[in-house]
Amino acid sequence: GVSHVLTLVLQELSLLCKRDVNGVGVLYDLLRSHWLQALLKIYECLQHYLGKRPAPVTLQARALTREVVELLREAPQSGEIKELRRLLRAPHLKAALLSAHDTVAQKDFEPTLPPLPDNIPENEEAMRIVCLVKNNQPLGATIKRHEITGDITVARVIHGGLADRSGLLYAGDKLVEVNGVPVEGLEPEQVINIL
């Protein structure tokens, strides 16, 4: 994907850097920057997700089933048609399966980011909102209290873990809020419990 193309471009630029071509060093540094790498990882993940995301054929499976049962009532009655009507009218299919399908099909289960807080300091260099969806896997990062400022920061990101694969967290990042809970004044152990 895009990361592979970027790797090839970086290899070419490294050769040009050795020959000291004007502006190549700046371009090389830009393309090697962590934020660009993270942005490309996010882009590739989103493209992969959009390509694989299943979409329901219908949002109203129960209503469609009732329609089919009515049409089958008017059709010439054979053993197969009677069996199909019996199956489609069965409570476990109507109430459980089709109802669950319709409920899931009508909802948007994508993660939503909270709104930006109003009280962001003007002198703040940069703030990122990071949304990592954990299943039963660990985050793949450790946190600590900064010795001087007392802030909760990412101590290290474990290679291959969720945080590393996302490309969104780096060692030294300050945590301001976790799952909607401000972490100022909390101990690292309390923050871990929130995670």
Side-chain angles (χ1 to χ4, degrees), residues 1-50 52-53 108-195:
V2 178
S3 294
H4 178 69
V5 172
L6 182 62
T7 303
L8 295 175
V9 170
L10 284 171
Q11 289 171 354
E12 282 293 315
L13 286 175
S14 68
L15 297 174
L16 292 174
C17 268
K18 292 175 186 167
R19 287 189 263 156
D20 198 26
V21 176
N22 287 340
V24 172
V26 174
L27 182 59
Y28 182 73
D29 290 341
L30 173 69
L31 293 175
R32 284 187 51 214
S33 64
H34 289 294
W35 65 267
L36 182 60
Q37 299 283 337
L39 192 60
L40 289 172
K41 278 185 185 179
I42 292 169
Y43 174 78
E44 285 185 344
C45 288
L46 287 173
Q47 290 302 318
H48 179 72
Y49 173 75
L50 289 174
K52 293 182 80 173
R53 182 173 57 178
D108 182 13
F109 291 103
E110 307 214 1
T112 57
L113 295 175
L116 286 173
D118 294 331
N119 57 352
I120 296 175
E122 290 294 324
N123 61 352
E124 190 72 35
E125 279 187 28
M127 180 180 277
R128 289 177 287 143
I129 296 178
V130 175
C131 181
L132 294 175
V133 180
K134 282 182 18 172
N135 293 330
N136 290 328
Q137 58 188 330
L139 180 61
T142 60
I143 60 171
K144 68 176 182 177
R145 179 175 301 287
H146 191 275
E147 301 85 26
I148 298 169
T149 64
D151 295 332
I152 302 292
T153 61
V154 175
R156 67 184 187 121
V157 176
I158 298 163
H159 180 71
L162 175 64
D164 179 51
R165 290 192 316 269
S166 75
L168 298 173
L169 286 179
Y170 298 99
D173 283 353
K174 175 183 170 184
L175 300 182
V176 177
E177 192 175 278
V178 174
N179 293 332
V181 178
V183 299
E184 187 175 354
L186 296 181
E187 293 299 319
E189 295 77 21
Q190 292 172 302
V191 176
I192 290 170
N193 290 334
I194 298 171
L195 288 168

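Numbering starts at 1 and runs along the sequence shown.
- Atom CG of Leu186 is separated from atom CD1 of Ile192 by 11.5 Å, given to the nearest 0.5 angstrom.
- Nearest approach of Lys144 to Pro188, heavy atoms of both residues: C-CG, 4.2 Å.
- When all heavy atoms of Ala38 and Gly167 are compared, the pair lying nearest together is CB-O, 2.8 Å.
- Distance check, rounded to the nearest 0.5 Å: CG of Asp173 to CD1 of Ile152 gives 13.5 Å.
- The distance from atom CD of Glu187 to atom CD1 of Ile143, rounded to the nearest 0.5 Å, is 10.0 Å.
- Using modelled atom types, one side-chain atom of Asn179 and one backbone atom of Ile194 make a donor-acceptor pair closer than 3.5 Å.
- By the side-chain hydrogen bond (donor to acceptor under 3.5 Å, both in side chains) test, Arg165 is found to be paired with Gln137, residues two or more places apart in sequence or in another chain being considered.
- A ring-ring contact (aromatic ring centres under 6.0 Å, His included) check over residues 152-195, counting only residues at least two apart or in different chains, returns the pairs His34-Tyr170.
- Between the side chain of Arg145 and the backbone N or O of Gly150, at least one donor-acceptor pair lies under 3.5 Å.
- Here the side chains of Glu184 and Val176 are not in contact, with every heavy-atom distance at 4.5 Å or above.
- Here the closest non-hydrogen pair linking Val154 and Ala141 is CG1-CB, 4.3 Å.
- Annotation for Ala171 and Arg156: closest pair CB-CA, 4.2 Å, computed over non-hydrogen atoms.
- Listed by first and then second residue, the ring-ring contact (aromatic ring centres under 6.0 Å, His included) pairs involving residues 175-195 amount to none (not counting sequence neighbours).
- In this structure the side chain of Leu169 reaches within 4.5 angstrom of the side chain of Leu132, judged on heavy atoms.
- Between Leu175 and the choices Val130, Val183, Thr153, the side-chain contact (heavy atoms from CB on, under 4.5 Å) rule is met once, by Val183.
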